[in-house]
Q: 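Starting off with a structure, shown below.
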Amino acid sequence: MRDESAGGTAVGGGEAEIVGRDDDLFVLRSFVDRSGGVGGALLLFGEPGVGKTVLLGAATGYATAAGTRILVASGTQFEAAYSFAALHQALRPLIEDLAGLSPAHRRTLGVALGVRHGSPPGLLMIANAALALLDRAAAGGPVLLMLDDLQWLDRASAMVFAILARRLPARVGLLAAYRIGEESFFDRAGLREHEVRPLDERAATTLVAQRFPALAPRVRRRLLAEAQGNPLALLELPLALTDRQQSGMGSLPEVLPLNRRLQAAFESRVRGLPEPTRHLLLLAALDGTGRLDTLATGDGGLAALAPAERAGLVHVDEHAGTVAFHHPLTRSAVVDLSTVDDRVRAHADLAGSLAHRPERRAWHLAQATIGTDEGVARLLEDAAHTARSRGDAAGAVTALLYAADLSPAGADRGRRLAEAAYLGAVVTGDLRDVPRLLADARESDGDRPLVSAVAAAHHLLLSGEGDVDTAHRLLVGAIEMQPTPYDGGNATLVEALYTLGWVCYFGGRAELWEPFRAAFARLTPPVPELLALLAGTFADPARTAPALLGRLDRAIADLTDQADPVWSVRVGLSAMFVDRLTFCRTALTRILSDDRGAAVTLSLHARSLLGLDQMMTGEWDEMRPLAEEHVALCRTHNYRLLECIGLYLLAMLAAARGEHETVKRLTDRMTMWATPRRAGLVPRIAAQAMLTDALGRGDFEEAYRHATVITPVGELADHVPHALWVIMDVVEAAVRSGRSAEAAAHVSAARASGVAGVSARLAMTIEGAAALVATDEEAPARFAAALAVTGGERWPFDRARIALAYGERLRRGKAPTEARRHLTAALDTFQRLDARPWAARAAAELRATGQTAGHLAPAGPGALTPQQREIAELAAAGLTNKQIGERLFLSPRTVGTHLYQTFPKLGITSRAALRDALADTGATEPPASSA
């Protein structure tokens, strides 16, 4: 760990020599004591040289004395390109404990840390596995993660550590330090922070007097004024002065800005070292790992480090086989003093000693290369693929761009640029550079490789700068240029087919699928199982899904052990139209933490799938914040197409709750954007929201008009999967607008398709639709069959609508007692869901039977969802929305939404009434699980 002075040194963890840091030390000791019990995170921040590293060392000593196990990692400027380097540093002492983890966690960490091969895990999967490992380690006593120089952590490690910091188990703490004003991939939002400030005048004077008692008074005063309480400046600037200057007999140098003074102080100490020593220091600075075996490349061997060690610039630990710079600016000074030739030679030497570590070797060879070199570019491309396989797509893009720079002009350079564009568009979700990269790739390779077409298609659709037909032509043309039969093992070709299917889905026209079907039929075995499932369940499920259900159910069951977020999303897409999304929730939820990271596109897909399932299963209060955050993320990243999916979820919720103007505003936004871009899916899902809204308002003629936008009445439209979601809606709109024959034809088409065997929801809604068109004699049996479908209760809104229709038919049939039973059940569900127009319809029918429905009464604490209950209890205990969000990993806005929805359920209007409203069902102390 670096020794960045805090006003005296604390090497080895002692605190006795630290000057002027009593308050800081109290904060650190309190944190160590607390984290040893309930866990938690604390970040130290301050200017360079203010003493953060020595305070970390003091905390280490205090924690070690208390029996805490310390896990250390430090960021370095020259190691930031290596994926999970810092995570490997921190968890390396626990590698032997991997055997005690679950197979999924063991595999995830093994892949991320590079000790085994496998599909690339998502960052949340890696964080969950690391949490399991830390939790296991904490069983033997408190554990403290000690991270220095957060601003220099590699991207992948920083993002994982940011997740860990918010989810640490009991007895595990995270103490970290970063420089103020430095950019970092570590997300600090909401974490507790403590600023390490410069020393006050009294402490600064004491420090200088202790360390430099021979300084002349006027020289001491000058240094105190110039250093402005920065301990590193106080300790290092005197070392740059000659004996005559320190004694006051010689003139002092002119005043320089603080950073320049410090840099000059370090450089003056480095310049006087022998050339072999400076070369070894340059190797250590550029390597960043501190491993002595990597530095043993010169004729003089490691003995050349001795002058630097005697000068106090580095600390060599022969037992651990490591060398560490005492101050981070020493490393910067070593690099700044080197020439280009020095650095090229150093990188070449490092590459020569890293034959057993090909990824690092490739990076050093790249930086040792002047001009182009296809051999090195190929090695760096391999390093990019390694980074991608470990879940670091952003690192892979960086490596590919560097490889392209090293490539001679031609196809290889174009291919690497195209692949970087592809990863940017498809995986990392960073669309900003995609057009430029694709243009550069086309200049290098006029053949327009397949990967370019995939990247361009994603960019055209996601950003909204193009249209569906252009993306479709681009992909189909690139696929048809490939030699036939198509190789089912060609990952790029398979990805192109996935993308083509996605384009066809959003296009929403049957003819778009014809080239996909033709290409799929030409694939040589083995055809990827997931591509086959998507082709059968996503394109035209009414005709092709039933035969694939067994295979799909096996794929869903395997999600438990699946670390690849792309796979999880695609299984979720396969499950969407056959009502199996609920069983994918755990896998999809694992993806959600990466909103600001390298997989934002996947996070958005996961959000839309989870929101869709919550909409269909009646978890509307949970769906709203998820959909709102989805829309906000899409706006941040300019994902206009995916934004429409979030708007659809919000429009469906508004429709069910009778917010007609909101439905109109949201659907207008969707259709105005999608229509000129030929994204036919979007007007259909907008029509579904307007259909639901019109049914709730009782405007059945308008409802029928919207129904026909989705599917012709009397058939399940070809390659329109959403037709399965509106079977009962279409029939109700037709029946109530006087089109009984069309309604009956639609029921017949649904029955003939066989989709009633696909899911309980489809069986229930098809039976309910059949009841709507049945005669008065047949209707009761049909309604009873619909309500008796096993598992139908999972879709409460659909089931309550069937109960409402049954009650209406019974009332008209002069069976008021039986009608009341079904109408009351429907009313209860509509009230719980806050489906206001439907509740009003049910209440009106109840009144017509002679029973007064009364006003909608508060449902009480029992009606709260588990998350609403937890938020309400924390609010009742006095926590602010921000504090609640930090505990539960939610945004303050989401917390506010939940509270807004909670108050009516409890029959209150203010936060102050929460405690009394909750008192009858339990205490209002913060839940233990949230601590």
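As the structure is a computational prediction, the values presented were derived from the model and not from experiment.
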Q: Which heavy atom in L113 sits nearest to a heavy atom in H88, and how many Å separate them?
A: O-CD2, 3.5 Å
Q: List the residues meeting side-chain contact (heavy atoms from CB on, under 4.5 Å) with F45, not counting sequence neighbours, and say none if there are none.
A: Y178, I180, E193, E195
Q: Return the CG to CG distance between D349 and L295, rounded to the nearest 0.5 Å.
A: 10.5 Å
Q: For R635, which residues count as a salt bridge (Lys or Arg N to Asp or Glu O under 4.0 Å) partner, sequence neighbours excluded?
A: E643
Q: CG/L604 to CG/L633 distance, rounded to the nearest 0.5 angstrom?
A: 5.5 Å
Q: Could you pull out the closest heavy-atom pair between L168 and G40, with the gap in Å?
A: CD1-O, 3.2 Å
Q: What residues form a salt bridge (Lys or Arg N to Asp or Glu O under 4.0 Å) with R136, not counting sequence neighbours?
A: none
Q: R171: which residues meet the side-chain contact (heavy atoms from CB on, under 4.5 Å) condition with it, sequence neighbours left out?
A: A138, P142
Q: Are side-chain heavy atoms of R179 and K52 found at a separation under 4.5 Å?
A: yes
Q: Excluding sequence neighbours, so at least two apart, what forms side-chain contact (heavy atoms from CB on, under 4.5 Å) with A176?
A: L43, L147, L150, L174
Q: Quick one: OG on S353 to NE2 on H364, what's the gap to the nearest 0.5 Å?
A: 7.5 Å
Q: Output the distance between atom CG (L175) and atom CG (L145), rounded to the nearest 0.5 Å.
A: 10.0 Å
Q: State, yes or no, whether a side-chain contact exists between L592 and L626 at a heavy-atom distance under 4.5 Å.
A: yes
Q: Under 4.5 Å between any side-chain heavy atoms of L44 and F31, yes or no?
A: no
Q: If every non-hydrogen atom of P198 is compared with every non-hydrogen atom of V50, which pair is closest and at what distance?
A: N-CG2, 3.7 Å
Q: Of the non-hydrogen atoms in A362 and A383, which two are nearest, and what is the gap between them?
A: CB-CB, 4.1 Å
Q: Kindly say whether L286 contributes a backbone atom to a donor-acceptor pair with the side chain of R343 at under 3.5 angstrom?
A: no
Q: Within the structure provided, determine whether D149 and S74 are in side-chain contact (heavy-atom separation under 4.5 Å).
A: no
Q: Could you tell me if the side chain of T586 sits less than 4.5 Å from the side chain of L559, heavy atoms only?
A: no
Q: Is S568 close to I591 at the side-chain level, that is, under 4.5 Å between some pair of heavy atoms?
A: yes
Q: Please examine the side chains of L124 and R167, heavy atoms only from C-beta on, and report whether any two atoms are closer than 4.5 Å.
A: yes
Q: Would you give the length of the straight line joining atom CZ of R585 to atom CZ of R590, rounded to the nearest 0.5 angstrom?
A: 15.0 Å
Q: How close do A129 and L101 get, counting heavy atoms only, and between which atoms?
A: O-CD1, 4.1 Å
Q: To the closest 0.5 Å, what do you measure between CD1 (I126) and CG (L131)?
A: 12.0 Å
Q: Does H105 offer a backbone N or O that forms a donor-acceptor pair with the side chain of N128 under 3.5 Å?
A: no
Q: Compare all side-chain heavy atoms of D135 with those of V172 and state whether any distance is below 4.5 angstrom.
A: no
Q: Would you please say whether a donor-acceptor pair under 3.5 Å links the side chains of Q883 and N881?
A: no
Q: Going by salt bridge (Lys or Arg N to Asp or Glu O under 4.0 Å), name the residues that satisfy it together with R92, two or more places apart in sequence or in a different chain.
A: none
Q: Which atom pair, heavy atoms only, marks the closest approach of A606 to V569?
A: N-CG2, 4.4 Å
